[in-house]
There are 2 protein chains.
Amino acid sequence: MGRMAETRWLDEREMAAWHGFLEATSRVSRHVETQLKEDAGLSHAQYEILVRLSATEGGELRMTELAEGLFTSKSGLTYQIGQLEKRGLVHRRSCPTDVRGVLAVLTPAGREALRRSAPGHVAAVREALIDVLEPDELDALARALGRVGGRLRPHPAD
Amino acid sequence: MGRMAETRWLDEREMAAWHGFLEATSRVSRHVETQLKEDAGLSHAQYEILVRLSATEGGELRMTELAEGLFTSKSGLTYQIGQLEKRGLVHRRSCPTDVRGVLAVLTPAGREALRRSAPGHVAAVREALIDVLEPDELDALARALGRVGGRLRPHPAD
DNA sequence: CACAGCAGGTTCGAATTTGAACAACCCCGT
DNA sequence: ACGGGGTTGTTCAAATTCGAACCTGCTGTG
């Protein structure tokens, strides 16, 4: 019965890739997180929320949509929106078409906070990842990781 | 004075790479984390600790060395070693050559836990990252991310 | 129209993580 | 031998994160 197939261990190349992935993600994450916190007082999660909101028509988005876009849990988003709301960067508005729904709306202060912190953040991203790679390497990375992320994306409803 | 140079925003290609990086790291991390937690009751951090320890001569390592290898903070490691110690997978031993030092030592139970959980973990890593890429893509990824991680590594003491 | 099943958000508790502050200790130059 | 300076781990409080349980309110079906 269910006897597992012999394990295919990782060879040296594969191990190097996995380890490199872990180290890079860990360090890049810390780099970006630290820069944002020090220079703008925002966590990366909070910054991303502002970005997504600012990219929409009215600067507002349903909680669920936001959560999906941020690859985070619903409860995690509830928490972060609460934090941003306390600081007046975002406010909640109930959805006109669905009583249950909640819209997170970017406030003028939120838009301003984003405008101020964006340059520093972009610089950090360049320093940590973008400017470290040659254009072709960057494209290869985008293609490869795009596939990786896509395959783990929650079912498009099969 | 200190006026910042004009910000070099990210173009579409760069944006795609950054977003892909964020999505991939987020989803891969969750995938691996979930598999380990469900199948072995270990967090990825804990699993990595067992791996590093098992790779050494006596299955032991100084706290600081371990923390560096795991790209984590010292206090974070203290916490995790505490958890593993509670479960009998690791135990602490004071360092013979430095009174301040502490050695984390893998116990037989710890070695056994690692042996049991490794196959499932490797499978998850393959499913999420390794087997999704062609050999050349994997090498390119390793080269690129290796450089990225290396550049953000704490000063080798200049 | 009534109902079962599902979707949207929040709440709650448990587990982690991080940096700062500490206390103890090693090491090197004077 | 001595003192300053850097190291080693731990402790502590604050911030997050996640999944499970819940309550409400949609929605398609009979």
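These values consider heavy atoms only, across backbone and side chains, with no hydrogens, waters or symmetry-generated copies. Just so it is clear: chains get the letters A, B, ... in the order the sequence lines come, proteins before strands, and each one is counted from 1. Remember, it's a predicted structure, so these values are computed and weren't measured experimentally.
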Those residues of residues 87-96 of chain A lying under 4.0 Å from DNA chain D by at least one heavy atom
none
Atom [atom1] of [X] to atom [atom2] of [N]: distance rounded to whole Å?
{"X": "A:Glu33", "N": "C:dT18", "atom1": "CD", "atom2": "C1'", "answer": "10 Å"}
{"X": "B:Leu103", "N": "D:dT10", "atom1": "CG", "atom2": "C1'", "answer": "16 Å"}
{"X": "A:Glu38", "N": "C:dG19", "atom1": "CD", "atom2": "C1'", "answer": "11 Å"}
{"X": "B:Glu85", "N": "D:dG9", "atom1": "CD", "atom2": "P", "answer": "14 Å"}
{"X": "B:Leu66", "N": "D:dT10", "atom1": "CG", "atom2": "P", "answer": "11 Å"}

Pairing residues for A:Arg100 by the side-chain contact (heavy atoms from CB on, under 4.5 Å) criterion, not counting sequence neighbours
A:Asp98
Describe the nucleic acid contact of B:Gly76 in one word from base, sugar-phosphate, nothing, applying a heavy-atom distance below 4.0 Å.
base
Please list, chain by chain and in numerical order, all residues satisfying salt bridge (charged side-chain N to carboxylate O under 4.0 Å, His left out) with [X], sequence neighbours excluded.
{"X": "B:Glu48", "answer": "B:Arg52"}
{"X": "A:Arg8", "answer": "B:Asp131"}
{"X": "B:Arg143", "answer": "none"}
{"X": "A:Asp11", "answer": "A:Arg13"}

Given 3.5 Å as the limit, does a donor-acceptor pair link the side chain of [X] with the main chain of [Y], or not?
{"X": "B:Arg126", "Y": "A:Trp9", "value": "yes"}
{"X": "A:Thr25", "Y": "A:Leu22", "value": "yes"}
{"X": "B:Arg30", "Y": "A:Phe71", "value": "yes"}

What is the bend of the helix from C:dC1-D:dG30 to C:dT30-D:dA1 when you compare the axis at one end with the axis at the other, using five pairs each and rounding to 10°?
30°
Which donor-acceptor pairs under 3.5 Å do side chains of residues 60-70 of chain B form with protein atoms, sequence neighbours excluded?
{"from": "B:Glu60", "atom 1": "OE1", "to": "B:Arg93", "atom 2": "NE", "distance (Å)": "3.3"}
{"from": "B:Glu60", "atom 1": "OE1", "to": "B:Arg93", "atom 2": "NH2", "distance (Å)": "3.2"}
{"from": "B:Glu60", "atom 1": "OE2", "to": "B:Arg93", "atom 2": "NH2", "distance (Å)": "2.8"}

Please enumerate all protein N or O atoms sitting under 3.5 Å from an N or O of nucleotides 26-29 of chain C, with distances to 0.1 Å.
{"from": "C:dC26", "atom 1": "O4'", "to": "B:Arg100", "atom 2": "NH2", "distance (Å)": "3.2"}

Taking the side chain as everything from C-beta on, heavy atoms only, tell me whether A:Val32 gets closer than 4.5 Å to B:Trp18.
yes
Residues forming a side chain to side chain donor-acceptor pair (under 3.5 Å) with A:Arg147, sequence neighbours excluded:
B:Glu137
The complete set of side-chain hydrogen bond (donor to acceptor under 3.5 Å, both in side chains) pairs with one or both residues in residues 80-89 of chain B, sequence neighbours excluded, reads B:Glu85-B:Arg92
Under a 4.0 Å N-O cut-off, is there an ion pair linking B:Lys37 with B:Glu33?
no
OP1 or OP2 of D:dC18 versus the side-chain N and O atoms of B:Arg30: is any pair under 4.0 Å?
yes
Scoring nucleotides 11-16 of chain D by protein non-hydrogen atoms under 4.0 Å (B base, S sugar-phosphate only, - none) yields B---SB
